[in-house]
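Remarks on the structure that follows.
The analysis underlying the following values was restricted to heavy atoms, covering all of them including side chains, and did not include hydrogens, waters or symmetry mates.
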Amino acid sequence: QVQLVESRGGLVQTGDSLRLSCASPGLAFSNYVMGWFRQAPGKEREFVASITRSGGNTAYADSVKGRFTISRDNSKKTVYLQMNSLKPEDTAVYYCGARHTLPIIAISDVGYWGQGTQVTVSS
């Protein structure tokens with residue numbers, strides 16, 4: 001059974017940093033493109049960032065570009081999201097997702113999801 005297990009988020013202040021991780025011990029991890037998504041209250045889930053299987057290419061939503069960094073460690077079967085200069089509008093439940101081989105273009109492309117972790121940024 002494939003499980004994506006996200007680290008605990010937390011409550012931080014504006015301008016703080018936080019790193020999320022998502023471990024996938026049951027996944028043939030290096031075969032999967034990995035992504036991070038988020039869903040704020042009353043809003044649809046949205047794309048945040050993605051990373052190719054080798055880690056050589058990344059993509060970001062405009063709203064987080066320059067502040068967030070996605071990375072992966074295939075030996076640990078883990079993907080990370082380093083979030084810097086956090087803003088109140090970054091408050092959301094963050095989810096990691098996986099897609100076999102192909103790039104993640106849409107949320108519907110994701111085959112496996114983590115359980116989600118709450119990140120709250122206070123002003």
Would you mind reporting whether [Y] and [X] have side-chain heavy atoms less than 4.5 Å apart?
X: Tyr32; Y: Leu27; answer: yes
X: Phe68; Y: Asp90; answer: yes
X: Val33; Y: Leu102; answer: no

Got a sec, which pairs hit salt bridge (Lys or Arg N to Asp or Glu O under 4.0 Å) with one end in [range], sequence neighbours left out?
range: residues 109-123; value: Arg99-Asp109
range: residues 12-21; value: none
range: residues 111-123; value: none

Could you tabulate the donor-acceptor pairs under 3.5 Å formed by side-chain atoms of residues 78-85, not counting sequence neighbours?
| residue | atom | partner | partner atom | Å |
| --- | --- | --- | --- | --- |
| Thr78 | OG1 | Lys76 | O | 2.8 |
| Gln82 | NE2 | Asn84 | OD1 | 2.9 |
| Asn84 | OD1 | Ser17 | OG | 2.9 |

Hey, is the main chain of Ser21 close enough, under 3.5 Å, to the side chain of Ser7 for a donor-acceptor pair?
yes
Do any N or O atoms from the side chain of Thr117 and from the backbone of Glu6 form a donor-acceptor pair under 3.5 angstrom?
no
Step-by-step side chain to side chain contact (heavy atoms under 4.5 Å, CB included) determination, Leu86 to Thr14:
CA-CA 5 Å; Leu86 282 161; Thr14 297; over 6 Å; no
Heavy-atom closest pair, residues Ala92 and Ala40:
CB-N, 3.8 Å
Restricting to non-hydrogen atoms, name the atom on Cys22 and the atom on Leu4 that form the minimum distance, rounded to 0.1 Å.
SG-CB, 3.8 Å
How long is the span from the OG atom in Ser24 to the CE atom in Met34, to the nearest 0.5 Å?
5.0 Å
Could you grab the distance from atom OH of Tyr94 to atom CH2 of Trp36, nearest 0.5 Å is fine?
10.0 Å
Answer yes or no: does atom OH of Tyr60 have more than 12 heavy-atom neighbours from other residues, nucleotides or ligands under 6.0 Å?
yes
Counting heavy atoms not belonging to Gln13, are there more than 12 under 6.0 Å from its CD?
no
Do Phe29 and Tyr112 belong together in a cluster built from hydrophobic side chains that touch within less than 4.5 Å?
yes
What about Tyr95 and Val5, same hydrophobic cluster or not, with Ile/Leu/Val/Met/Phe/Trp/Tyr joined at side-chain heavy-atom distances under 4.5 Å?
no
Return a table of donor-acceptor pairs under 3.5 angstrom between the side chains of residues 46-53 and protein atoms on other chains or two or more places apart.
| residue | atom | partner | partner atom | Å |
| --- | --- | --- | --- | --- |
| Glu46 | OE2 | Arg38 | NE | 2.7 |
| Glu46 | OE2 | Arg38 | NH2 | 3.3 |
| Thr52 | OG1 | Gly56 | N | 3.4 |
| Thr52 | OG1 | Asn57 | N | 3.0 |
| Thr52 | OG1 | Asn57 | O | 3.3 |

Can you tell me if Gln118 and Thr120 form a side-chain donor-acceptor pair at under 3.5 Å?
yes
Only counting residues at least two apart or in another chain, list the ones meeting side-chain contact (heavy atoms from CB on, under 4.5 Å) with Val110.
Phe37, Ile104, Trp113
For Asp62, is there an ion pair with Lys65 - N to carboxylate O distance below 4.0 angstrom?
yes
